[in-house]
A.B. asks: 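Dumping the structure here so I can ask a few things about it.
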Amino acid sequence: DQQIADQVAKEIRTYVFYDIYDWVEGNVQNGVLTLRGYTHEPWRVKDFQRLAENVEGVREIHNEIQALPTSTYDDQIRVELARAIYRYPGFERYALQPYPPIHIIVDNGHVTLEGVVSTQLDRTLAEQIARTRVLAFSVVDHLRVEG
């Protein structure tokens, strides 16, 4: 199950259309994969499932990925917040990674930060940036610190 989960994660994370505005996670139990998360492009829900279906050992998939509502306001928050976070002094190292680790989920003006950062200070700073640099109704910080 762990090998299947690792392979599914690799397929999704390296998918050319998986970006910082999506967040997909899941678990595998006896070959049954449950996908959860969010995508800002509705057509990606099926794409992520298709990627998982091609992984050897996956017997069944429960796709619980939610397509976020299409909204110009949410798109504006996404772009402004991504710029604010990834251009913040010291955060450039995250922006330069092949798969930037801080994901920005925006649902009807509500922001959730997902992913992994190096230190507790970076986690706190990312949340502070989200709370002060964009007009969001709320901010939830689900960032994890490495290690």
Side-chain angles (χ1 to χ4, degrees), residues 1-86 91 93-120 122-131 133-147:
D1 284 348
Q2 188 59 50
Q3 289 176 332
I4 294 169
D6 291 346
Q7 187 60 37
V8 169
K10 179 182 176 193
E11 292 295 322
I12 289 174
R13 303 267 188 270
T14 60
Y15 179 51
V16 68
F17 293 112
Y18 184 73
D19 60 31
I20 63 169
Y21 307 123
D22 298 322
W23 180 254
V24 178
E25 57 189 358
N27 65 310
V28 180
Q29 196 165 26
N30 298 322
V32 178
L33 170 65
T34 302
L35 292 173
R36 290 180 203 83
Y38 304 92
T39 180
H40 70 289
E41 296 286 355
W43 54 268
R44 291 184 188 176
V45 173
K46 289 183 181 177
D47 275 12
F48 294 140
Q49 179 167 337
R50 181 185 48 79
L51 290 168
E53 287 170 350
N54 293 329
V55 173
E56 188 175 331
V58 173
R59 292 187 359 231
E60 186 179 335
I61 298 176
H62 298 272
N63 191 344
E64 299 173 6
I65 299 171
Q66 296 177 31
L68 297 168
T70 304
S71 163
T72 308
Y73 179 65
D74 285 357
D75 288 343
Q76 182 179 358
I77 291 172
R78 286 180 187 104
V79 171
E80 286 179 16
L81 187 51
R83 285 182 183 148
I85 288 174
Y86 284 110
F91 277 54
R93 69 183 185 281
Y94 295 124
L96 296 174
Q97 292 181 17
Y99 310 107
I102 301 171
H103 291 254
I104 301 162
I105 307 305
V106 184
D107 185 0
N108 289 317
H110 299 274
V111 172
T112 302
L113 299 176
E114 296 280 4
V116 179
V117 291
S118 299
T119 67
Q120 182 61 41
D122 286 351
R123 180 177 188 248
T124 302
L125 284 173
E127 180 181 350
Q128 180 183 14
I129 291 166
R131 291 188 184 280
R133 301 282 178 94
V134 296
L135 279 175
F137 296 123
S138 67
V139 174
V140 175
D141 181 359
H142 286 166
L143 291 172
R144 295 180 315 277
V145 178
E146 277 181 325

A.B. asks: Mind checking the CD-CG spacing from Gln7 to Asn54? Nearest 0.5 Å is all I need.
C.D. replies: 10.5 Å
A.B. asks: Are there over 12 heavy-atom neighbours, none belonging to Tyr86, within less than 6.0 Å of that residue's OH?
C.D. replies: yes
A.B. asks: What do the steps show when you test Tyr94 against Ile85 for side-chain contact (heavy atoms from CB on, under 4.5 Å), and what is the final call?
C.D. replies: CA-CA 9 Å; Tyr94 295 124; Ile85 288 174; over 6 Å; no
A.B. asks: Heavy atoms only: give me the nearest Val58-Ala52 pair and the separation to one decimal.
C.D. replies: CG2-O, 3.6 Å
A.B. asks: Roughly how far, to the nearest 0.5 Å, is the CD1 atom of Ile104 from the CD1 atom of Ile20?
C.D. replies: 4.5 Å
A.B. asks: I'd like to check Ile4 versus Leu33 (side-chain heavy atoms, cut-off strictly below 4.5 Å). Are they in contact?
C.D. replies: no
A.B. asks: Taking side chain as C-beta onward, heavy atoms only, is Glu64 less than 4.5 Å from Thr34?
C.D. replies: yes
A.B. asks: Is the centre of the Phe48 ring less than 6.0 Å from the centre of the Tyr18 ring?
C.D. replies: yes
A.B. asks: Crowded around Gln120 CD? As in, over 12 foreign heavy atoms under 6.0 Å?
C.D. replies: yes
A.B. asks: Pro100 and Ala95: which non-hydrogen atoms are nearest, and at how many Å?
C.D. replies: CG-O, 4.2 Å
A.B. asks: Considering non-hydrogen atoms only, spot the tightest contact between Asp107 and Pro69 and give its length.
C.D. replies: OD1-CD, 3.4 Å
A.B. asks: Val117 vs Leu125, test: side-chain contact (heavy atoms from CB on, under 4.5 Å). Steps then yes/no.
C.D. replies: CA-CA 10 Å; Val117 291; Leu125 284 173; over 6 Å; no
A.B. asks: Please give me the minimum heavy-atom distance between Val111 and Ala136, naming the atom from each residue.
C.D. replies: CG2-CB, 3.6 Å
A.B. asks: Where the side chain of Asp22 meets the backbone of His40, is there a donor-acceptor pair that is under 3.5 Å apart?
C.D. replies: yes
A.B. asks: Output the distance between atom NE2 (His142) and atom CZ (Arg123), rounded to the nearest 0.5 Å.
C.D. replies: 9.0 Å
A.B. asks: Rounded to the nearest 0.5 Å, what separation is found between the OH atom of Tyr15 and the CG atom of Leu51?
C.D. replies: 6.0 Å
A.B. asks: Can you list the steps and then say if Arg78 with Asp19 is a side-chain contact (heavy atoms from CB on, under 4.5 Å)?
C.D. replies: CA-CA 11 Å; Arg78 286 180 187 104; Asp19 60 31; over 6 Å; no
A.B. asks: Please give me the minimum heavy-atom distance between Ile77 and Gly109, naming the atom from each residue.
C.D. replies: CD1-CA, 3.9 Å
A.B. asks: Going by ring pair (Phe, Tyr, Trp, His ring centres under 6.0 Å), His110 matches just one of Phe137, Tyr73, Tyr38. Which one?
C.D. replies: Phe137
A.B. asks: Hey, does Pro101 have a side-chain heavy atom less than 4.5 Å from the side chain of Glu146?
C.D. replies: no
A.B. asks: Could you tell me the separation between the CD atom of Gln29 and the CZ atom of Arg59, rounded to the nearest 0.5 Å?
C.D. replies: 10.5 Å
A.B. asks: Tell me, do Val106 and Val134 make a side-chain contact under 4.5 Å, heavy atoms counted?
C.D. replies: no
A.B. asks: Using a strict 4.0 Å threshold on nitrogen-to-oxygen distance, state whether Arg44 and Asp47 make a salt bridge.
C.D. replies: no
A.B. asks: So, applying side-chain contact (heavy atoms from CB on, under 4.5 Å) with Tyr21, which one of Asp75, Leu81, Val79 is it?
C.D. replies: Val79
A.B. asks: Does CD in Glu53 sit with more than 12 non-hydrogen atoms of other residues, nucleotides or ligands closer than 6.0 Å?
C.D. replies: yes
A.B. asks: Evaluate whether atom CG of Leu96 has more than 12 neighbouring non-hydrogen atoms of other residues, nucleotides or ligands under 6.0 angstrom away.
C.D. replies: yes
A.B. asks: Evaluate the side-chain contact (heavy atoms from CB on, under 4.5 Å) criterion for residues Val24 and Thr39: first the C-alpha distance (whole Å), next the side-chain angles of each, then the deciding distance (0.1 Å), finally the verdict.
C.D. replies: CA-CA 8 Å; Val24 178; Thr39 180; 5.9 Å; no
A.B. asks: For Asn63 and Gln49, work out which heavy atoms get closest and say how close.
C.D. replies: ND2-OE1, 3.0 Å
A.B. asks: Hey, does the side chain of Arg133 reach the backbone of Gln128 with a donor-acceptor pair shorter than 3.5 angstrom?
C.D. replies: no
A.B. asks: Quick one: pull up CG in Asp6 and CG in Asp1 and give me the separation to the nearest 0.5 Å.
C.D. replies: 11.0 Å
